Amino acid sequence: MFSHKNIGALILSAGKGTRMNAEGPKVLQTILKEPMLAYVLKTLENVVGENIWPIIGHQAYKVEDGFPRYKGRFILQKEQLGTGHAVQVAWQTVVDQQLDWVLVVNGDTPLIPEEKLEELIRLCISKDADIGILTITLDDPGSYGRVIRDEKGHVQAIIEAKDFDDSKFGQEVKEVNAGVYLLKVESAHDLLAKLDNENRQNEYYITQLIGLASARKNKILALNCGENTELLGVNTPKELVLQEEALRKKIVNKWLDKGVIIRSPDFVRIGPKVQLEPGVEITGPAEIYGSSKISRGAVIESHCYVEDSKICAAHVFSFSHIVETEVDDDVNIGPYARLRPGTRIKKGARVGNFVEVKKSVIGQGSKVNHLSYIGDSEVGEKVNVGAGTITCNYDGQNKHKTIIEDGAFIGSNTALVAPVKVGARALIGAGSTITRDVPENNLGIARARQKNLKRR
Ligand code: UD1
Ligand code: CA
């Protein structure tokens with residue numbers, strides 16, 4: 001982290017992202033299931049610590065809800081009148097905080113490299129610049145702001161693509177603005193008030209600061225990062241998936257290098273917070289996201305989805321879907337199992353095909369092998385749950401608990417109408433609808449008696 005105490009950061013994240021064609025705020029668009037803003041926040045935290053203020057606007061409440069840790073730090077830009085306007089709105093906070101330097105970063109640049117931010121800060125502080133920017137060089141400068149330099153190479157201005165006139169500047173401007181600025185607070189203070197919106201988009205551009213600073217002979221430093229694709233912005237669905245794909249490859253390669261077996265690696269998607277141990281085996285296509293943690297000895301077969309789950313040395317057969325679940329050692333899951341939030345599958349248990357488990361504990365060595373729904377339940381050790389068993393946990397208004405104690409045997413096609421308890425070593429006859437508790441060691445049977453009538 002940067003040692004300079006008086007550096008803070010603003011994140012420009014108030015825009016809707018019209019080009020994304022999506023409903024919510026652009027910075028909530030995800031890359032490997034994490035919102036873009038989370039990436040920028042993480043990187044900035046490593047560089048400037050806690051002094052971060054994200055500027056939000058379009059559906060601000062959604063962004064706030066997504067980042068409770070940043071409660072009280074969000075700055076609201078009610079109307080989005082441009083990137084320069086966003087900084088104007090946040091400026092009082094910068095002044096109140098008595099910051100000497102403020103890093104301003106586009107919220108739609110998720111893969112922004114930490115080293116480049118640090119290099120920019122170091123450079124600007126050591127040279128006592130007024131403004132520093134990161135630039136990249138692109139074969140096709142597209143919709144990026146063009147960096148205009150004079151004959152000596154000094155930066156004079158940034159001209160937005162829509163305002164850029166080839167005949168005036170020549171066509172050869174391939175150096176563009178990456179959307180990362182380091183402002184010396186005392187220099188930017190009065191320049192900010194001078195921004196106007198006399199441009200093709202009638203917006204207040206942060207980029208106008210460069211031209212204004214240059215006009216009054218301020219020191220502007222541009223750190224060119226070459227063709228660095230990590231600094232590309234995300235404005236469209238295509239740009240979103242390009243950045244996502246770049247990160248996906250990088251993460252999969254990292255785990256391969258660390259000794260995880262990843263078969264068909266091109267089809268495996270692993271989130272940035274996931275932790276894997278060497279000796280885990282994953283076969284693509286597979287998706288593993290959130291704060292999932294998978295231990296040595298685990299096998300995740302193809303077409304599995306795992307999110308925010310902890311999986312020990314278990315075998316997860318194909319087509320299983322696991323969210324907010326803990327799976328212990330020696331467990332078999334699936335194929336085609338669905339484990340929903342709040343589930344724990346204990347050592348040696350089996351959860352088989354077409355079985356859904358929600359907010360339940362399946363005890364050591366217990367088996368739920370076929371076509372069952374276990375919800376809001378506590379299942380003890382060595383219980384056998386027969387095919388087609390359903391816990392009827394919902395009465396239309398409330399959820400109720402089912403308790404099945406150690407060694408119980410539930411016959412096939414049983415409906416357990418909760419709240420209900422099946423005692424230790426109790427036996428339930430197949431096809432029963434159980435509405436009352438069954439004491440331990442009892443046989444519970446609740447089904448119509450079979451009649452055999454002579455055919456005429
Ligand atoms: C911007 C730069 C451009 C640069 C490019 C790099 C301006 C005027 N242009 O263009 O020079 O090459 O980034 O990726 O800054 N935002 C707000 N409030 C607003 C408007 C935008 O917070 O009123 C936020 C957006 O949510 C976004 C960021 O600012 O995260 C950049 O805005 P965007 O519209 O994407 O600018 P670009 O056209 O990409
Ligand atoms: Ca952008």
Side-chain angles (χ1 to χ4, degrees), residues 9-22 24-29 31 35-41 44 53-60 62-63 74-91 103-112 116 131 133-138 140-148 155 157-164 173-181 183 192 195-212 222 224-225 228-240 242-243:
L10 301 175
I11 306 177
L12 302 177
S13 42
K16 176 173 190 290
T18 314
R19 290 167 277 179
M20 197 58 80
N21 296 310
K26 177 162 69 170
V27 290
L28 292 188
Q29 290 289 335
I31 285 188
M36 289 207 278
L37 184 57
Y39 289 92
V40 181
L41 281 170
L44 287 177
W53 293 272
I55 303 167
I56 54 175
H58 179 73
Q59 297 189 352
K62 285 193 183 163
V63 184
F74 289 103
I75 295 172
L76 186 66
Q77 183 195 13
K78 268 200 207 115
E79 273 185 291
Q80 291 88 59
L81 304 180
T83 48
H85 177 252
V87 178
Q88 287 173 336
V89 168
W91 202 250
L103 193 59
V104 182
V105 172
N106 279 357
D108 64 355
T109 312
L111 305 190
I112 194 165
K116 290 295 171 193
I131 299 186
I133 57 170
L134 289 186
T135 69
I136 38 178
T137 305
L138 299 177
D140 172 12
S143 63
Y144 287 83
R146 312 302 200 254
V147 176
I148 310 297
V155 175
I158 295 173
I159 309 289
E160 290 308 305
K162 287 186 177 153
D163 303 305
F164 187 76
V173 179
K174 294 193 165 174
E175 185 182 19
V176 299
N177 169 28
V180 177
Y181 319 81
L183 308 179
L192 263 177
L195 298 182
D196 63 52
N197 64 352
E198 285 155 27
N199 51 55
R200 292 290 278 274
Q201 302 193 91
N202 296 120
E203 285 184 4
Y204 296 89
Y205 293 157
I206 186 175
T207 48
Q208 196 189 356
L209 285 179
I210 315 300
L212 292 171
N224 182 266
C225 306
N228 195 323
T229 51
E230 291 180 317
L231 280 162
L232 294 177
V234 170
N235 305 293
T236 63
K238 188 173 178 185
E239 288 167 348
L240 180 76
L242 275 175
Q243 290 303 63

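Source: prediction; values computed, not measured. In each ligand, atom 1 is the first atom listed, and ligand 1 is the first ligand listed.
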Counting non-hydrogen protein atoms only, what is the nearest one to [atom]? Give residue, atom name and distance.
atom: atom 4 (C) of ligand 1; value: Asn177 O, 3.3 Å
atom: atom 32 (O) of ligand 1; value: Thr83 CG2, 3.8 Å
atom: atom 26 (O) of ligand 1; value: Gly15 N, 2.8 Å
atom: atom 35 (O) of ligand 1; value: Asp108 OD2, 3.0 Å

Next item on the list: Rounded to the nearest 0.5 Å, what's the gap from CD on Glu198 to CG on Asn202? Could you check?
Entry: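 If we round to the nearest 0.5 Å, Glu198:CD and Asn202:CG are 9.0 Å apart.
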Would [X] count as a contact residue for ligand 1, given that I'm defining contact as a non-hydrogen atom of the residue lying under 4.0 Å from a ligand atom?
X: Arg19; answer: yes
X: Gly57; answer: no
X: Asn235; answer: yes
X: Gln77; answer: yes
X: Ser13; answer: yes

Margin query: I'd like to know if the side chain of Thr207 pairs up with that of Glu160 as donor and acceptor (distance under 3.5 Å, no hydrogens or angles considered).
Written below: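 Indeed, the side chains of Thr207 and Glu160 share at least one donor-acceptor pair under 3.5 Å.
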Check: Does the side chain of Lys162 pick up a donor-acceptor pair with the side chain of Gln201 at under 3.5 Å?
Finding: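 Short answer, yes.
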Treating [X] as the side-chain partner and [Y] as the backbone partner, does any N or O pair qualify as donor plus acceptor under 3.5 Å?
X: Asn177; Y: Gly145; result: no
X: Asn235; Y: Glu239; result: no
X: Tyr39; Y: Ile112; result: no
X: Gln59; Y: Gly57; result: no
X: Gln208; Y: Leu192; result: no
X: Lys26; Y: Val234; result: yes
X: Ser13; Y: Gly107; result: no

Check: Picking from Thr83, Asp163, Asn197, what satisfies side-chain hydrogen bond (donor to acceptor under 3.5 Å, both in side chains) with Tyr205?
Finding: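 The side-chain hydrogen bond (donor to acceptor under 3.5 Å, both in side chains) with Tyr205 is passed solely by Asp163 among Thr83, Asp163, Asn197.
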With atoms numbered from 1 as shown, which atoms in ligand 1 lie under 4.0 angstrom from a non-hydrogen atom of [X]?
X: Tyr205; value: 8 (C)
X: Asn106; value: 1 (C), 5 (C), 6 (C), 13 (O), 14 (O), 28 (C), 31 (C)
X: Leu81; value: 23 (O)
X: Lys26; value: 35 (O)
X: Gly82; value: 18 (N), 19 (C), 20 (C), 23 (O)
X: Thr207; value: 8 (C), 11 (O)
X: Gln80; value: 19 (C), 23 (O)
X: Gly145; value: 3 (C), 4 (C), 11 (O), 12 (O)

Quick check: [X] and ligand 1, any N/O pair under 3.5 Å apart?
X: Ala14; answer: yes
X: Thr109; answer: no
X: Tyr144; answer: no
X: Val27; answer: no
X: Glu160; answer: yes

Margin query: Could you identify the N, O or S atom of Asp108 positioned closest to the Ca ion (ligand 2)?
Written below: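 Result: OD2.
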Margin query: Any N/O/S atom from Asn235 (main chain or side chain) under 3.0 Å of the Ca ion (ligand 2)?
Written below: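 Yes, since at least one N, O or S atom of Asn235 sits under 3.0 Å from the Ca ion (ligand 2).
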Item checked: Nearest non-hydrogen partners of Ala178 and Asn106, listed with the distance ->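 Scanning both residues, the minimum pair turns out to be O-ND2, 4.5 Å.
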Item checked: Heavy-atom pair of closest approach, residues Arg19 and Ser143 ->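 So the two residues come closest at NH1-OG, 3.8 Å.
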Checklist line | Pairwise side-chain contact, Leu10 with Ile55, heavy-atom cut-off 4.5 Å (strictly under) | finding: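 Yes, close enough: below the 4.5 Å cut-off.
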Notebook entry, point to check: Given side chains that start at C-beta, do those of Ile158 and Ile133 come closer than 4.5 Å, heavy atoms only?
Noted result: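 Yes - at least one pair of side-chain heavy atoms lies under 4.5 Å apart.
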Check: What's the verdict on side-chain hydrogen bond (donor to acceptor under 3.5 Å, both in side chains) for Glu175 and Asn224, showing C-alpha distance, side-chain angles and the deciding distance?
Finding: CA-CA 8 Å; Glu175 185 182 19; Asn224 182 266; 3.3 Å; yes
Under a 4.0 Å heavy-atom limit, does [X] contact ligand 1 with its side chain, its backbone, both, or neither?
X: Ile206; value: side chain
X: Leu12; value: both
X: Ala178; value: backbone
X: Leu232; value: neither

